Amino acid sequence: MASRKPFVAGNWKLNGSLELLNEMANEINAVSGEDVDVALFVPALLVGECAKLGVKTGVQTVSEFEAGAYTGEIQASLAKDLGAEYALVGHSERRHIFGESDEVVADKFVMAQQQGLVPVLCVGETEQQREQNETESVISAQIDAVVRKLGVAGLKQSVIAYEPVWAIGTGKTASPEQAQQVHQFIRAKIASLDSEIAQRLLILYGGSVNEKNSSELFAQQDIDGGLIGGASLKTDAFISICESAKG
Ligand code: PGA
């Protein structure tokens with residue numbers, strides 16, 4: 001089995017500050033290394049600063065357009081110039097609050113990759129979809145939208161984050177078994193197209209991960225790290241989550 005290096009990323013959303021970034025940077029640099037990669041999805045205005053501090057970083061969303069008259073959008077190429085390495089695409093808040101469809105998310109994925117950013121594709125079902133047994137079909141559609149545009153090869157330089165919508169910011173984490181089941185489904189689905197890409201692909205879990213539940217989640221075979229919201233705003237909690245991902 002191809003070995004996968006654990007990856008933990010903090011998603012600050014519309015939170016945090018320059019002060020918090022300065023406070024956390026040294027500790028992140030100390031924990032990030034051979035055993036785990038750590039990155040911060042800070043608000044876009046802090047990406048340049050984050051990169052200067054030596055912390056891997058990315059934007060929380062990106063425009064699907066390369067350039068032009070699109071007031072307020074985040075340009076992938078400029079994020080790259082500022083030192084961003086990643087772009088989240090399809091976070092559930094973007095899908096549900098800002099109405100981004102699978103199609104638009106796939107376009108953003110394409111743009112991020114074209115401009116040299118590693119897209120982190122967020123997928124996940126709502127509580128109602130889970131109750132109606134639609135978890136796998138929803139996630140399949142979210143992944144298929146990307147595969148239709150780029151083929152399975154598009155997933156080579158990418159990361160997937162499974163984030164059940166009902167677990168985000170709610171304190172309700174998926175159990176390690178529930179999460180593993182979906183991660184295994186995702187890897188098997190991609191393996192049916194290309195087994196090598198599937199074996200190498202990092203699949204992160206996100207949704208109310210904290211310093212108490214992270215070890216058990218990260219110990220699952222197909223969980224390669226986490227996307228951390230609330231707990232990434234607390235230095236001690238975030239660092240201990242990063243520690244717990246070390247193989
Ligand atoms: P949470 O957020 O850890 O606060 O649930 C996760 C996310 O939205 O990426």
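Since the structure is predicted, the reported quantities are computational estimates derived from the model, not experimental observations. As the structure lists them, so they are numbered: ligands from 1, and atoms in each ligand from 1. Residues: numbered from 1 along the sequence shown.
Residue contacts with ligand 1: Gly206 is excluded, as none of its non-hydrogen atoms falls under 4.0 Å. A heavy-atom separation below 4.0 Å is found between Ala167 and ligand 1. Residue Ala231 places every heavy atom at 4.0 Å or more from ligand 1.
Close approach of ligand 1 to Gly207 is summarised as follows: ligand atoms under 4.0 Å from at least one heavy atom of the residue are 5 (O). Residue Lys13 approaches ligand 1 through these ligand atoms, each under 4.0 Å from one of its heavy atoms: 2 (O), 7 (C), 8 (O). Heavy-atom proximity to Ser208, at under 4.0 Å, picks out these atoms of ligand 1: 1 (P), 3 (O), 5 (O). Less than 4.0 angstrom separates some heavy atom of His91 from each of these atoms of ligand 1: 7 (C), 8 (O), 9 (O). Remark: ligand 1 atoms within the under-4.0 Å shell around heavy atoms of Gly169 are 1 (P), 4 (O), 5 (O).
Under 4.0 angstrom from ligand 1, the non-hydrogen atoms of Ile168 come from both its backbone and its side chain.
The residues Arg130 and Glu134 are annotated as not salt-bridged, no charged nitrogen and carboxylate oxygen being separated by less than 4.0 angstrom. Of the charged side-chain nitrogens involved, at least one lies within less than 4.0 Å of a carboxylate oxygen, so that Asp107 and Lys149 count as a salt-bridged pair. The pair Asp194-Arg200 fails the salt-bridge criterion, with no side-chain N (NZ, NE, NH1 or NH2) lying under 4.0 Å from an Asp/Glu carboxylate O. Taking 4.0 Å as the cut-off between side-chain N and carboxylate O, Glu85 and Lys80 do not count as a salt-bridged pair. In this structure, Arg95 pairs ionically with Asp102, as a charged nitrogen and a carboxylate oxygen lie closer than 4.0 Å.
One N or O on the side chain of Trp12 and one on the backbone of Ser232 form a donor-acceptor pair closer than 3.5 Å.
With respect to atom 4 (O) of ligand 1, the closest heavy atom belonging to the protein is Gly230 N, 2.9 Å. With respect to atom 3 (O) of ligand 1, the closest heavy atom belonging to the protein is Gly229 N, 2.9 Å. Of the protein's heavy atoms, Glu163 OE2, 2.7 Å lies nearest to atom 9 (O) of ligand 1.
For the side-chain contact (heavy atoms from CB on, under 4.5 Å) test, residues two or more places apart in sequence or in another chain that qualify with Asn213 are Thr173, Val209, Asn210, Leu217.
Using a 3.5 Å distance cut-off with no hydrogens or angles, the side chains of Glu125 and Trp166 do pair a donor with an acceptor.
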